[in-house]
Every structure is written in structure tokens, then in C-alpha cells.
Amino acid sequence: MRRKKYIIGNWKMNGLAQDLQQIGEINTFCGRNDSVDSAICPPVTLISGAAQVNTDITIGAQDVHHNEAGAHTGCLSAAMLKEAGARFSIVGHSERRADQGETDALVAAKAKALKTAGMNAILCVGETLETRDAGNAIDFVTAQLLASLPEEASSKWLTVAYEPVWAIGTGRVPQSADIADMHAALRAALTDRIGSDGDNMRILYGGSVNGGNASEILTLDNVDGALVGGASLTADKFLPILEAVA
Ligand code: PEP
């Protein structure tokens, strides 16, 4: 199965209007290369500005509320994000699972809300160092994925991102064999759950990906792209990752 590589930048709580020029530079690269799919998830305040001028790169959100509307102060619905220009949202990022106590069931509901609004979802899963050291990483992450996957999951609108919590923002990356083993296990869990379409679904790796390690990681079996935090904040750091697959 040929799955087109997908590289997504997650800006987290970084970026002011002056940083939109970084997205502009990345957009120019994307306009010249259609061999890789690329997206940036800026903070919500920049989604509209980014989407209006950058039509060759997909703009996404970092989180979404699971309800369509209502008394949820400070939250944003899928329809609101879509109207602002986002085509998808990340759900279940480990920082939200840890900081906001998001459960697997809530993550599944958020993904479903995106589908209902006609948007795509990037569903994050990953183990802590404690779980990895205890030798339970594959069992834990597989169970987390199956519990976070909404019933309607399909490769048409959902992408999985495996992000070991201990690799995020730390400069530490798992051994290549460990990444490949995890992605193979997630692939098997997906095909078991959703049938042959599980083979079409992209599984990204995330955790300290940069221009130096991207080509090794992105050639591993079942690694269909990367979710990138720190190295996505500037075009000069992000473009080498795109170039590694373009
Ligand atoms: C992330 O937060 O999704 C991430 C992968 O961050 P970093 O690339 O900085 O490790």
C-alpha cells in the first residue's frame, strides 16, 4: 500500500502575527512539491490569517471541543475552526491528555465531532517513559488507540500519530526498531478494527523529529509521516524535514 507521506507542524502555544511569514515560506515550498502532504497547526489566533493567504499548505487546529455549541467558556467547536480556515484538528495530544485530563472516550468524541463537521482528525497516542521502561509500551499504546478511535474511523478523514511522551520536546528519539515495532503493532490493530482500510490509514511518528533524523525515521516501515513540534516553528528548521521526503 502506497501512503503519501504527511508532515504536520504543531506550533503549540507559540506564534504571533509576525510569525505568519514562516508559514508563507513553507507554503511556497508546498506549491512547488506535491510529493508530500504538509500542514501547520498554528495557535487558533493565527488560523484565519494563515488560511487566507496560504493555499498550498493545509492549516489545522490543535484541539477542538466535542460539542457543537453551548455553555463551554473559552472552547471552540469544529464548525468554528472550520469557518476560520482549519481543515482538521489534532486530538488527544499527550500535553492535553496530561494537562487537561482528557480521556480516551473524550478524544474519540472530539474526533467524531470533526467528522460530523466535515473535517479531518489527527489522533495522538503514546506511552510514558515509565510504561516504556516497564516493557508495556506496545500493549499500552495499542489499547489507547483502540479506545480513542471513534466507531466511524476511516482513512478518508482520520490519521494516527504515535508520539512517545518521553520523546516530545526532549531531543530523545526511540531506537528505529522500536518505532517500526510500534507502527507495525498499530497497523495490525487498525486492520483488526476497521478491516482493509486500516492499511490505507496513515500512521505518523512524533517526538523530536528534526532535519537531521527525519530521513531515517521516515523510511521506516509503516511510518507515513511526522508530527513535528519544535522544529516546525521556523521555515529553516521545517523545510529540511519536508525535503527529506519530497
Ligand atoms: C509534538 O508536540 O507533537 C512534538 C512532536 O513535539 P517535538 O517535535 O518538539 O518533540
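In each ligand, atom 1 is the first atom listed, and ligand 1 is the first ligand listed.
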**Prompt:** Can you hop from L204 to I26 via hydrophobic side chains spaced under 4.5 Å?
**Reply:** no
**Complete:** Ranked by distance from atom 1 (C) of ligand 1, the top protein heavy atom is H93 NE2, 3.3 Å
**Message:** Below the 3.5 angstrom mark, is there an N/O of G169, backbone or side chain, next to an N/O of ligand 1?
**Reply:** yes
**Message:** Taking N213's backbone N and O only, do any of them form a donor-acceptor pair with N210's side chain (distance below 3.5 Å, no angle check)?
**Reply:** yes
**Asked** So, does N10 use its side chain to make a donor-acceptor pair with the main chain of K12 at under 3.5 Å?
**Response** yes
**Message:** Is the ring pair Y205/H183 parallel, tilted or perpendicular, if the boundaries are 30 and 60 degrees?
**Reply:** tilted
**Prompt:** Checking D199 side chain against S196 main chain: does a donor-acceptor pair fall under 3.5 Å?
**Reply:** no
**Message:** Check for me whether G207 has a heavy atom closer than 4.0 Å to any atom of ligand 1.
**Reply:** yes
**Message:** Within the 4.0 Å heavy-atom shell around S208, which atoms of ligand 1 are there?
**Reply:** 7 (P), 8 (O), 10 (O)
**Basic-acidic side-chain contact under 4.0 Å: E151, K112** = no
**Message:** Please list the nearest protein heavy atom to atom 9 (O) of ligand 1 with its residue and the distance rounded to 0.1 Å.
**Reply:** G230 N, 2.8 Å
**Message:** With respect to K12, determine whether any N or O atom, backbone or side chain, lies less than 3.5 Å from an N or O atom of ligand 1.
**Reply:** yes
**Asked** Strictly under 4.0 Å, does any heavy atom of A167 approach an atom of ligand 1?
**Response** yes
**N or O contact, G229 vs ligand 1, cut-off under 3.5 Å** = yes
**Item:** Ligand-residue contact atoms, ligand 1 with L227, heavy atoms, under 4.0 Å
**Value:** 3 (O), 5 (C)
**Asked** Who's the nearest protein heavy-atom neighbour of atom 5 (C) of ligand 1, and how far?
**Response** E163 OE2, 3.1 Å
**Prompt:** Do E152 and K115 sit within salt-bridge range, that is, some charged N less than 4.0 Å from a carboxylate O?
**Reply:** no
